[in-house]
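To start, the structure under review is shown below, and the notes come after it.
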Amino acid sequence: MSEDGGKATRKSAGGPRRNWRLYGITAVGFGLVCAVAAAVGQAARAHEGTAVNAPKGAVGPSGGGTKLDLPDRPTVPVTLTVYEDPRSPQSREFAQRYAGTFARLLASGQLQINHHLVTQSDKQYGGSGAAEAAAAAACAQDQGRLAPFMAQIWQHQPAPAHDAFKDRKLLSDLAKKAGKINHDTFELCVDRNERKGWVAESQSAFAAAGLGEVPVVRINGRPLPVPTDRLTPGKLTSLVNAEARRVAAAAAP
């Protein structure tokens, strides 16, 4: 065999091995890039879960601070602030019992309802369903669809010991049932935990205020003169009308 032929044979024999080594190095490098990208994505989602980003239209105290209430209407003479927990049967019962009363008072033009979402049931029963549902509701609020989404939450609320709302697929299905929600935008908001930090602060503010068990209702920032469990739709209507007259009298020259 000639010298040139030997060299050619050695080159041919070494070529595939060299190529496999290159492919192996490339594959490892690609794997590292993917791992880094996944870690960056996970870190970004973790940051979103702790950052306090209020949903669109949220309102708060005039003196500043995080806007933690989600209004049904622009500012009017009387504001009811309703503290409610998506996982709480008492909150569901209150919301469904007063839905008609709230609708009539909102239509009258003298009432705004601020919804303050809390998650104390997660501590009571364990799990994270209330926090997941509240964050999803805040994502629905970004699209102006808080009320229909919460109506689905109340309608499909499981027994509190069953932490069903931690399932994001269920929340996604409820968003579809609520209608007029851009699904891709909603799912991106939920998947990125964009409202998780805001929900945590909302619960912290509620706990710090020492307001007791949900539901809690305040009228123009003051406690109702009767406990929530002794309230009736008729009594609530009377209280709102009386407060509207008081505000009007105070504003008169």
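Computed over heavy atoms, backbone and side chain alike; hydrogens, waters and symmetry mates excluded. None of the values given here were measured: they were computed from a predicted structure.
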TODO: Show the numbers, then the answer: is there a side chain to side chain contact (heavy atoms under 4.5 Å, CB included) between Val199 and Leu117?
DONE: CA-CA 7 Å; Val199 166; Leu117 302 176; 5.9 Å; no

Task: Pair Asp142-Phe186, side chain to side chain contact (heavy atoms under 4.5 Å, CB included): steps then yes or no - done: CA-CA 9 Å; Asp142 284 336; Phe186 175 84; over 6 Å; no

Open item on the list: Set out, in order, the CA-CA distance, both residues' side-chain angles and the distance that settles side chain to side chain contact (heavy atoms under 4.5 Å, CB included) for Gln120 and Gln203, then state yes or no.
Closed with: CA-CA 7 Å; Gln120 61 184 19; Gln203 168 60 28; 3.8 Å; yes

TODO: Please report the C-alpha distance between Trp198 and Lys67 in whole Å, then the side-chain angles of each, then the deciding distance to 0.1 Å, and finally whether the side chain to side chain contact (heavy atoms under 4.5 Å, CB included) criterion is met.
DONE: CA-CA 9 Å; Trp198 178 83; Lys67 298 176 178 179; 5.5 Å; no

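What you find for Val214 and Gln90 is that their closest heavy atoms are O-CB, 3.9 Å. Considering all non-hydrogen atoms of both residues, Phe149 and Ala140 come closest at CB-CB, 3.8 Å. Scanning all heavy atoms of the two residues, the minimum distance from Val240 to Gln110 falls at CG1-NE2, 4.3 Å. Nearest heavy atom pair, residue Leu111 against residue Leu106, reads O-CD2, 3.4 Å. The minimum heavy-atom distance between Ala178 and Arg145, with the atom names listed, is O-NH2, 3.0 Å. Between Asp122 and Ala130, the shortest heavy-atom contact is OD1-N, 2.9 Å.
In this structure the side chain of Glu243 never reaches within 4.5 angstrom of the side chain of Pro77, judged on heavy atoms. Residues Thr79 and Asp69 fail the side-chain proximity criterion, which asks for heavy atoms closer than 4.5 Å. At a threshold of 4.5 Å between non-hydrogen side-chain atoms, the residues Leu80 and Leu236 count as touching. Lys177 places a side-chain heavy atom less than 4.5 Å from the side chain of His156. Side chains of Asn220 and Val247 form a contact here, defined as non-hydrogen atoms less than 4.5 Å apart.
Formation of a donor-acceptor pair under 3.5 Å by the Ser238 side chain with backbone atoms of Gly234 is found in this model. Formation of a donor-acceptor pair under 3.5 Å by the Asp163 side chain with backbone atoms of Gly129 is found in this model. Looking at Tyr98, its side chain does come within 3.5 Å of a backbone N or O of Thr232 through a donor-acceptor pair. Side chain of Arg218 to backbone of Thr81: no donor-acceptor contact under 3.5 angstrom is found. A donor-acceptor pair under 3.5 Å links the side-chain atoms of Gln143 to the main chain of Asn182, judged by distance alone. In this structure, Asn114 contributes its side chain and Leu70 its backbone to no donor-acceptor pair below 3.5 Å. Of the possible polar contacts, none joining the Arg195 side chain to the Ala134 backbone as a donor-acceptor pair under 3.5 Å is found. At least one donor-acceptor pair under 3.5 Å links the side chain of Gln157 to the backbone N or O of Pro86.
Linking ILVMFWY residues whenever their side-chain heavy atoms come closer than 4.5 Å, directly or via other members, places Val78 and Leu231 in the same cluster. Residue Leu211 is not grouped with residue Leu68 when hydrophobic side chains (ILVMFWY) are merged at heavy-atom distances under 4.5 angstrom, including chains of intermediate members.
Glu187 contributes atom CD, which lies 3.5 Å from atom OG of Ser172 (distance to the nearest 0.5 angstrom). Atom CG of residue Asp229 and atom CD of residue Glu93 lie 10.5 Å apart, to the nearest 0.5 angstrom. In this structure, CZ in Arg87 is found 8.0 Å from OG in Ser128, a value given to the nearest 0.5 Å. Atom OG of Ser108 is separated from atom CG of Asn241 by 7.5 Å, given to the nearest 0.5 angstrom. From Leu174, atom CG reaches atom NZ of Lys169 across 10.0 Å, with rounding to the nearest 0.5 Å. Interatomic distance, Leu170 CG to Ile153 CD1, rounded to the nearest 0.5 Å: 7.0 Å.
Using a 3.5 Å distance cut-off with no hydrogens or angles, the side chains of Asp85 and Ser88 do not pair a donor with an acceptor. Under 3.5 Å, the side chains of Asp173 and Gln152 contain no donor-acceptor pair of N or O atoms.
Atom CZ of Arg222 has more than 12 neighbouring heavy atoms from other residues, nucleotides or ligands inside a 6.0 Å radius.
Residues Glu132 and Lys196 are paired through a salt bridge, judged by an N-O separation under 4.0 Å between the basic side chain and the carboxylate.
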